[in-house]
Amino acid sequence: MTNIILLGPPGAGKGTQAKRLVEERGMVQLSTGDMLREARSSGTEMGQRVAAVMDRGELVTDEIVIGLIREKLTSGAAHGGYIFDGFPRTLAQADALGALLSELGQSLDHVIEMRVDDEVLVARITGRSTCGNCGEVYHDVTRPVPADGKCVNCGSTEIKRRADDNEDALRTRLLAYYKQTSPLIGYYHAKGQLESVNGLAAIEAVAAEISGLLGSQTQDA
Ligand code: AP5
């Protein structure tokens, strides 16, 4: 069992690579962004509370996201390991994850930073769409939805754009990343756990680089 963090700014490609690891290695993707969007669309009280915060591009409180992760980790084991996508995003969340994993007798095996330049992020974010049924990620230019409008993965025609995928919210999301999340790069470097990949490369090339870091360990799990 291998547990990994994919770390990087909005649009770095965390979700795209996490989906591939789920398919190829049987890992379980834990995306706090997806969990929060699910909560808001199901209209829970917590979902309503976080909706405006997310639309502005600000971070939701540590208490809420740590609670969501705790619930997932304590509700059953993922034999292929977990991919933490968009979590942790603050030092408090990183400490909480470390404590939670050791409480469960598990380890954090790889922290993979996806390095990108800010200039590409606007184009990636404003061109993104996602399948509302299975979460498959598309891009108007680099990975377009097929001409028949059907998701390649599940055949659904429910292709959506995110409310926070606009230039204003992206500016706030980037600021939050540099202010609150990028200190995690130093934190995991100091712990000797940080590895990096070139997130500017093509999707296949990034996948190959991540695969090289993980080796065959999760496939054997
Ligand atoms: P979240 O959903 O986590 O969004 P994010 O971190 O901003 O990341 P994105 O999903 O936008 O980008 P990604 O890196 O997954 O890129 P993707 O693969 O889609 O968070 C949303 C909000 O929820 C936050 O703002 C906050 O409010 C809240 N939240 C979530 N977690 C929280 C936490 N822990 N604490 C507090 N608040 C939290 O790719 C983007 C596009 O680029 C796609 O179109 C894709 O096709 C394309 N693409 C990907 N890779 C490549 C490539 N190599 N080459 C060319 N195109 C590519």
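Quick note: numbers below take in every heavy atom, side chains included, and nothing from hydrogens, waters or symmetry partners. Because the structure is a prediction, the values reported are computed rather than measured. First listed ligand is number 1; within each ligand, the first listed atom is number 1.
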Taking 4.0 Å as the limit for heavy-atom contacts, which would you say applies to [X] with ligand 1: side chain only, backbone only, both, or neither?
{"X": "Thr61", "value": "neither"}
{"X": "Val60", "value": "both"}
{"X": "Ser31", "value": "neither"}
{"X": "Thr142", "value": "side chain"}

Among all protein heavy atoms, pick out the one at the shortest distance from [atom]; state its residue, atom name and that distance to 0.1 Å.
{"atom": "atom 19 (O) of ligand 1", "answer": "Arg128 NH1, 2.6 Å"}
{"atom": "atom 53 (N) of ligand 1", "answer": "Ala201 O, 2.8 Å"}
{"atom": "atom 8 (O) of ligand 1", "answer": "Lys14 NZ, 3.2 Å"}
{"atom": "atom 27 (O) of ligand 1", "answer": "Glu58 O, 2.5 Å"}
{"atom": "atom 21 (C) of ligand 1", "answer": "Arg162 NH2, 3.5 Å"}

Near [X], which atoms of ligand 1 are under 4.0 Å from a heavy atom of that residue?
{"X": "Tyr138", "value": "43 (C), 44 (O), 46 (O)"}
{"X": "Phe87", "value": "34 (N)"}
{"X": "Ile125", "value": "11 (O)"}
{"X": "Thr16", "value": "17 (P), 18 (O), 39 (O), 45 (C), 49 (C)"}
{"X": "Gly15", "value": "13 (P), 15 (O), 18 (O)"}
{"X": "Ala202", "value": "53 (N)"}
{"X": "Gly86", "value": "31 (N), 32 (C), 33 (C), 34 (N)"}
{"X": "Arg37", "value": "2 (O), 21 (C)"}

Under 3.5 Å, N or O to N or O, is [X] touching ligand 1 that way?
{"X": "Leu59", "answer": "no"}
{"X": "Val65", "answer": "no"}
{"X": "Gln93", "answer": "yes"}
{"X": "Asp85", "answer": "no"}

* To do: Output the distance between atom CG (Leu97) and atom OH (Tyr82), rounded to the nearest 0.5 Å.
  => 11.5 Å
Sub-4.0 Å heavy-atom approach of [X] to ligand 1:
{"X": "Gly199", "value": "yes"}
{"X": "Thr172", "value": "no"}
{"X": "Gly11", "value": "yes"}
{"X": "Gly8", "value": "no"}
{"X": "Gln17", "value": "no"}

* Asked: Which residue from Lys19, Met54, Arg173, Arg89 reaches closest to atom 20 (O) of ligand 1 through any of its heavy atoms?
  -> Arg89
* **Residues, nucleotides or ligands: over 12 heavy atoms within 6.0 Å of Glu167 CD** => no
* Nearest heavy-atom neighbours spanning Gly33 and Met54 -> O-CE, 4.1 Å
* Asked: Just by distance, with hydrogens left out, do Arg161 and Thr130 show a side-chain donor and acceptor under 3.5 Å apart?
  -> no
* **Short side-chain donor-acceptor distance under 3.5 Å, Thr2 and Asp109** => no
* Is a donor on one side and an acceptor on the other found under 3.5 Å between the side chain of Thr181 and the backbone of Arg89? -> yes
* salt bridge (Lys or Arg N to Asp or Glu O under 4.0 Å) with Glu136: which of Arg143, Arg20, Arg128? -> Arg143
